[in-house]
S.K.: 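Before we start, here is the structure in question, set down as structure tokens.
Both backbone and side-chain heavy atoms feed into the values below; hydrogens, waters and symmetry mates do not. First listed ligand is number 1; within each ligand, the first listed atom is number 1.
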Amino acid sequence: MSTVSSTRSSETAVKARISEVPSPEGRFGSFGGQYVPETLMAALRQLEEVYESVRQDRAFWDELRGLFATLVGRPTPLYKAERLSAYAAELAGKSGQRGNGATIWLKREDLAHTGAHKINNTLGQGLLTKRMGKPRIIAETGAGQHGVASATAAAHLGLKCDVYMGSEDVRRQRLNVIRMKILGARVIEVDSGSRTLKDATNEAMRDWMGSVDDTHYIIGSVVGPHPFPMIVRDFQSIIGTECKAQCLRYMGRLPDAVVACVGGGSNAAGIFYPFIDDDKVKLIGVEAGGRSNNQGDHAAPLSFGSPGVLHGSLSYVLQNGDGQTANVHSCSAGLDYPGVGPEHSYWKDSGRVTYTAATDEQALDAFTMLANTEGIIPALETSHAIAEGVRLAASMKNDQHLVINCSGRGDKDVEEAARLLGLRAK
Ligand SMILES: *Cc1c(COP(=O)(O)O)cnc(C)c1O
């Protein structure tokens, strides 16, 4: 894998209104672009064209909004987590900051149909597939959430669906494999490399090179070559758009901070983007800190990586000295990826968003904490955001408000959590 160093040459792009990216060439500052073989350029151009045409097309967005309302169950609630807030206040008291602790709110993407935010993107791209007249979609999946959301969109829209999944993940996420099959999708096991998400993505791209005429590749996050990072961000922005209106209704103003976990970065981009020009709203992305800061023990490219090309775009990547993609680890399969969306790299370098990492242990503690305080079992991915959100709320004043994006529910993770927590059914 070749590495292209980022020169931050486009100072002007960084100084421009931060919401006005990407450039027509698909750049977020110096990040993004289209690092793909010639065979895929025609497909990317076709996708750019169809997306340009639907951007102004009310019928398209009305159809998508209709599906959001009736199939997905949107808007998802903004939930005031009073007991979790009290827990954060208690933490503040213990560290000598009595009277402190912000009110914590959860944006409940875990209540979206299929259990996570992924469905917002797959329905949007599914409708684009129909517009292009293609009968088949393919997708990559790690934890299986994007695979299930793709299979659901395909079933609803009458499309054929093949999902690439590493054989290690097939073993770890059996339940989601069965869900995809019930929904009528074919699951193709990938036996190369570490047999996880990165390898599944490689295979899906390989398939697409030979099938672009009748197939659309639904990428599951704000990664990949332009225009995918922009399209996925736009479809996921429904999260932040709803959240902003709900904050104004319930708090009478915008929140002081918004926290989200970052794998490829789609749930974070979705909730951050509508707030990006609101300078007073602090935005915090939380990566997977894994079991240590050593390479191979985490999946935190914005915290520990360097600019490089992975899966068609320039962004922060975890790589070794030769530019080879590094091995990654996280307790959550959905964050177990060595790259991140290019817009996050741009937001990091411009200073608009702060990125940090939560460890496996902190995430597991937060998983149990949210279950015990609020009766909500979050996904292990989401638990990383909960961990950082509670820590941050404890350092804030009690008239402040903090929103955590509750990106998904934890049903898929109960077996893994039981193993990690040493729980037995009997
Ligand atoms: C897939 C997934 C993530 C990570 O993906 P992003 O693109 O970073 O959002 C986070 N949370 C849940 C519940 C997921 O299913």
S.K.: Looking only at non-hydrogen atoms, find the nearest pair between His344 and Gly265 and report the distance.
M.R.: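 That closest heavy-atom pairing would be NE2-O, 2.8 Å.
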
S.K.: Counting only nitrogen or oxygen atoms and a 3.5 angstrom limit, does Gly263 reach ligand 1?
M.R.: yes

S.K.: Which residue and atom name correspond to the protein heavy atom nearest atom 6 (P) of ligand 1, and how close is it?
M.R.: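 Ranking protein heavy atoms by distance from atom 6 (P) of ligand 1, first comes Ser266 N, 3.3 Å.
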
S.K.: For ligand 1 and Gly264, I'd like to know whether there is a polar contact (N/O to N/O, distance under 3.5 Å).
M.R.: yes

S.K.: Hey, looking at atom 1 (C) of ligand 1, which of Lys118, Lys412, His117, His146 has the closest heavy atom?
M.R.: Lys118

S.K.: Name the closest protein heavy atom to atom 12 (C) of ligand 1, giving the residue it belongs to and the distance to 0.1 Å.
M.R.: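 It is Ser407 OG, 3.5 Å.
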
S.K.: Please indicate whether Lys282 has more than 12 foreign heavy atoms, meaning atoms of other residues, nucleotides or ligands, lying under 6.0 Å from its NZ.
M.R.: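 No.
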
S.K.: Considering only protein heavy atoms, which is closest to atom 10 (C) of ligand 1, and at what distance to one decimal place?
M.R.: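 Looking at atom 10 (C) of ligand 1, the protein heavy atom closest to it is Glu381 CB, 3.5 Å.
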
S.K.: Against Glu109, only a single residue in Asn120, Asn405, Thr382 fulfils side chain to side chain donor-acceptor pair (under 3.5 Å); can you say which?
M.R.: Asn120

S.K.: If the contact criterion is a heavy-atom separation under 4.0 Å, does Gly265 count as touching ligand 1?
M.R.: yes

S.K.: Using a 4.0 Å cut-off to any heavy atom of Gln145, which atoms of ligand 1 qualify?
M.R.: 15 (O)

S.K.: What protein heavy atom sits nearest atom 4 (C) of ligand 1, and how far off is it?
M.R.: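 Ranking protein heavy atoms by distance from atom 4 (C) of ligand 1, first comes Gly334 O, 3.5 Å.
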
S.K.: Do side-chain atoms of Glu381 reach the backbone of Gly408 as a donor and acceptor pair under 3.5 angstrom?
M.R.: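 No, the answer is negative, given that no donor and acceptor are paired below the 3.5 Å cut-off.
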
S.K.: Mind checking what makes side-chain hydrogen bond (donor to acceptor under 3.5 Å, both in side chains) contact with Arg391, not counting sequence neighbours?
M.R.: Glu388

S.K.: For Glu168, is there an ion pair with Arg171 - N to carboxylate O distance below 4.0 angstrom?
M.R.: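 Judged by the 4.0 Å cut-off on N to carboxylate O distance, Arg171 and Glu168 do form a salt bridge.
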
S.K.: Suppose I only count heavy atoms of Ala379 and a 4.0 Å limit; which atoms of ligand 1 are within that range?
M.R.: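 Close to Ala379: 13 (C).
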
S.K.: Any heavy atom of Ala268 closer to ligand 1 than 4.0 angstrom?
M.R.: no

S.K.: Using 30° and 60° as the class boundaries, would you call the ring planes of Trp105 and Tyr250 parallel, tilted or perpendicular?
M.R.: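 It falls in the parallel class, under 30°.
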
S.K.: Quick check on contacts: which atoms of ligand 1 are under 4.0 angstrom from a heavy atom of Gly408?
M.R.: 13 (C)

S.K.: What orientation do Tyr337 and His311 show, parallel under 30°, tilted 30 to 60°, or perpendicular over 60°?
M.R.: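 Ring orientation, 0 to 90° scale: parallel.
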
